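So the structure is just underneath, and the comments pick up after that.
Lettering follows sequence order; numbering is per chain, from 1. Everything quoted here is computed from the prediction, not taken from an experiment.
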Protein chains: 2
Amino acid sequence: MEDGTSESLGYCADTGVDDDVLQWDQRADCEVRQILDRIADKWSLLVIALLDKRSLRFTELRRAIDGVSQRMLARTLRHLERDGLVSRTVHPTVPPRVDYALTPMGATLHTTIRALVDWTEEHQNAIAAARAAYDRRVAAEQEAAEREEAERLAVARAVLPVRG
Amino acid sequence: MEDGTSESLGYCADTGVDDDVLQWDQRADCEVRQILDRIADKWSLLVIALLDKRSLRFTELRRAIDGVSQRMLARTLRHLERDGLVSRTVHPTVPPRVDYALTPMGATLHTTIRALVDWTEEHQNAIAAARAAYDRRVAAEQEAAEREEAERLAVARAVLPVRG
DNA sequence: CGGTATCCCCTAAGATACTG
DNA sequence: CAGTATCTTAGGGGATACCG
């Protein structure tokens, strides 16, 4: 057993904080937050995406997901299995064969995740543009700052007598 | 400048891989993946959540989000600003005042994220139950394995002569 | 107030090797 | 094939100190 969720998490009851802006619970130990962190995880997202079409074997997933290590895939799958999002079926053949599939709950999650990915795809150009614009702005500001700095130095040298 | 997205990312064109199961691009350098990783980030999610209601100052955000360090909040905000999801407005007063707000694009993202959070809230009980069931199963299996092991040891001791 | 710069720790994740 | 165990490292993230 490597970790678990065993620390003192519990349901996050309203602490009665003044601010009602907090529509979602911000506290670090909140259960919702914790679930969110897990399913929004890089590999989880991809695994759920892939399993939507059909069940897959361990190695099929491994090959399908570029860059995932054996360790991380196993870990991710066990997490998803524990959360009841993915089912694991062992066929007692030789060589062994293990199939992973979405559970009904996992399938409902897929829909939601899909929306997020769609959003990302729709806006990726806009985001790229925003980044480029931001970077240009920053670069310009930095250049300006450097020019100003150089000028100040030049003035200082002109005013002070040269020593040595 | 701390990092950036400057490496050779580029749009991930279809590499013509055989498998059409890959509805989303899995390659580690994929732009969509990279954006997803950023917005699915723990702090980003919360910042976007909070800014939906109204614009907030740095310190307001800091206070609202339990457990965030100054460094991480600043980092997160700069990322979001760079991606065009959050706008940053400096009021040249003294003491300085900086307001953060969602851009129109940020607002659309909020809707999508909200769906994800809703899903999580709806299913958190089911997930908790699944986890409990899983943990019980694992515990039972482990116990069984230990019993078996103990038995094997007992048999071995009974067969082998006691040395020393 | 609203940051940036610095140091430092600790864990998540990759690489590697071994097992049923 | 489908994993687990072990080692190691990069970098996420906290604490602190200082600037405009």
Side-chain angles (χ1 to χ4, degrees), chain A residues 1-5 7 28 34 37-38 40-47 55-82 86-101 138 141-142 144-145 148-149 152, chain B residues 1-5 7 28 33-34 37-38 40-47 55-82 86-101 138 141-142 145 148-149 152:
Chain A
M1 206 155 299
E2 211 170 328
D3 61 342
T5 325
E7 302 88 59
Q34 204 248 116
D37 281 354
R38 178 148 303 166
D41 165 73
K42 180 156 102 166
W43 304 128
S44 299
L45 238 41
L46 290 169
V47 167
S55 75
L56 291 171
R57 305 177 58 175
F58 186 87
T59 313
E60 286 179 315
L61 283 167
R62 188 152 157 55
R63 263 196 296 268
I65 303 177
D66 173 89
V68 73
S69 67
Q70 203 173 21
R71 174 171 146 65
M72 287 316 294
L73 182 55
R75 234 169 113 70
T76 302
L77 286 170
R78 242 170 299 111
H79 284 326
L80 292 174
E81 187 195 358
R82 187 167 105 103
V86 158
S87 67
R88 178 172 178 274
T89 319
V90 183
H91 298 95
T93 63
V94 43
R97 176 195 179 93
V98 179
D99 278 316
Y100 291 94
V138 169
E141 277 168 19
Q142 205 171 50
E148 192 180 331
E149 172 69 10
R152 272 201 306 136
Chain B
M1 208 155 299
E2 213 171 327
D3 59 341
T5 325
E7 301 89 56
R33 261 273 296 279
Q34 206 247 115
D37 281 354
R38 177 149 304 167
D41 165 73
K42 182 155 103 168
W43 305 127
S44 300
L45 237 41
L46 289 169
V47 167
S55 75
L56 291 171
R57 304 177 58 176
F58 187 86
T59 314
E60 287 179 314
L61 282 167
R62 188 151 156 53
R63 264 196 295 268
I65 303 177
D66 173 87
V68 73
S69 67
Q70 203 174 21
R71 174 166 143 61
M72 285 318 293
L73 182 56
R75 231 166 113 70
T76 302
L77 286 170
R78 245 170 300 111
H79 284 326
L80 292 174
E81 188 196 357
R82 188 166 105 102
V86 159
S87 66
R88 179 172 178 275
T89 320
V90 183
H91 299 95
T93 63
V94 46
R97 175 195 180 92
V98 180
D99 279 314
Y100 292 94
V138 169
E141 276 167 21
Q142 206 171 49
E148 192 180 331
E149 172 69 9
R152 270 202 307 136

Polar atoms only, N or O, under 3.5 Å: list the protein pairs with nucleotides 16-20 of chain C and their distances.
none

Tell me the closest heavy-atom pair linking [X] and [Y], and the distance in Å.
{"X": "A/Ala40", "Y": "A/Leu45", "value": "O-CD2, 3.9 Å"}
{"X": "A/Leu73", "Y": "A/Val68", "value": "N-CG2, 3.8 Å"}
{"X": "B/Arg62", "Y": "B/Gln70", "value": "NH1-N, 3.5 Å"}
{"X": "B/Arg38", "Y": "B/Ser44", "value": "O-OG, 3.3 Å"}

OP1 or OP2 of [N] sitting under 4.0 Å from any side-chain N/O of [X]?
{"X": "B/Tyr100", "N": "C/dG3", "answer": "yes"}
{"X": "B/Arg75", "N": "D/dG12", "answer": "yes"}
{"X": "B/Arg78", "N": "C/dT4", "answer": "yes"}
{"X": "B/Arg57", "N": "C/dC1", "answer": "no"}

Inset, instruction - Rounded to 10°, tell me the angle between the two end axes of the helix from C/dC1-D/dG20 to C/dG20-D/dC1, each built from five pairs. - result: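 Answer for the end axes of this duplex: 50°.
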Inset, instruction - I would like to know whether A/Asp99 and A/His91 meet side-chain contact (heavy atoms from CB on, under 4.5 Å); could you show each step before the answer? - result: CA-CA 8 Å; A/Asp99 278 316; A/His91 298 95; 2.9 Å; yes
Inset, instruction - Could you please name the option among C/dG2, D/dT4, C/dG14 that lies closest to any side-chain atom of A/Trp43? - result: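 My answer, after comparing the listed nucleotides, is C/dG14.
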Inset, instruction - Among D/dG13, C/dC1, D/dG12, find the nucleotide with the atom closest to the side chain of B/Thr59. - result: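 Nearest nucleotide to the side chain: C/dC1.
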Legend entry - Side-chain donor or acceptor of B/Thr76 paired with backbone N/O of B/Met72 under 3.5 Å: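 Answer holds: yes.
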Inset, instruction - Give, ordered by number, those residues of residues 86-94 of chain A having at least one heavy-atom distance below 4.0 Å to an atom of DNA chain C; if nothing qualifies, reply none. - result: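 None, since no heavy atom is under 4.0 Å.
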Legend entry - Verdict with reasoning, A/Tyr100 to A/Leu80, per side-chain contact (heavy atoms from CB on, under 4.5 Å): CA-CA 10 Å; A/Tyr100 291 94; A/Leu80 292 174; over 6 Å; no
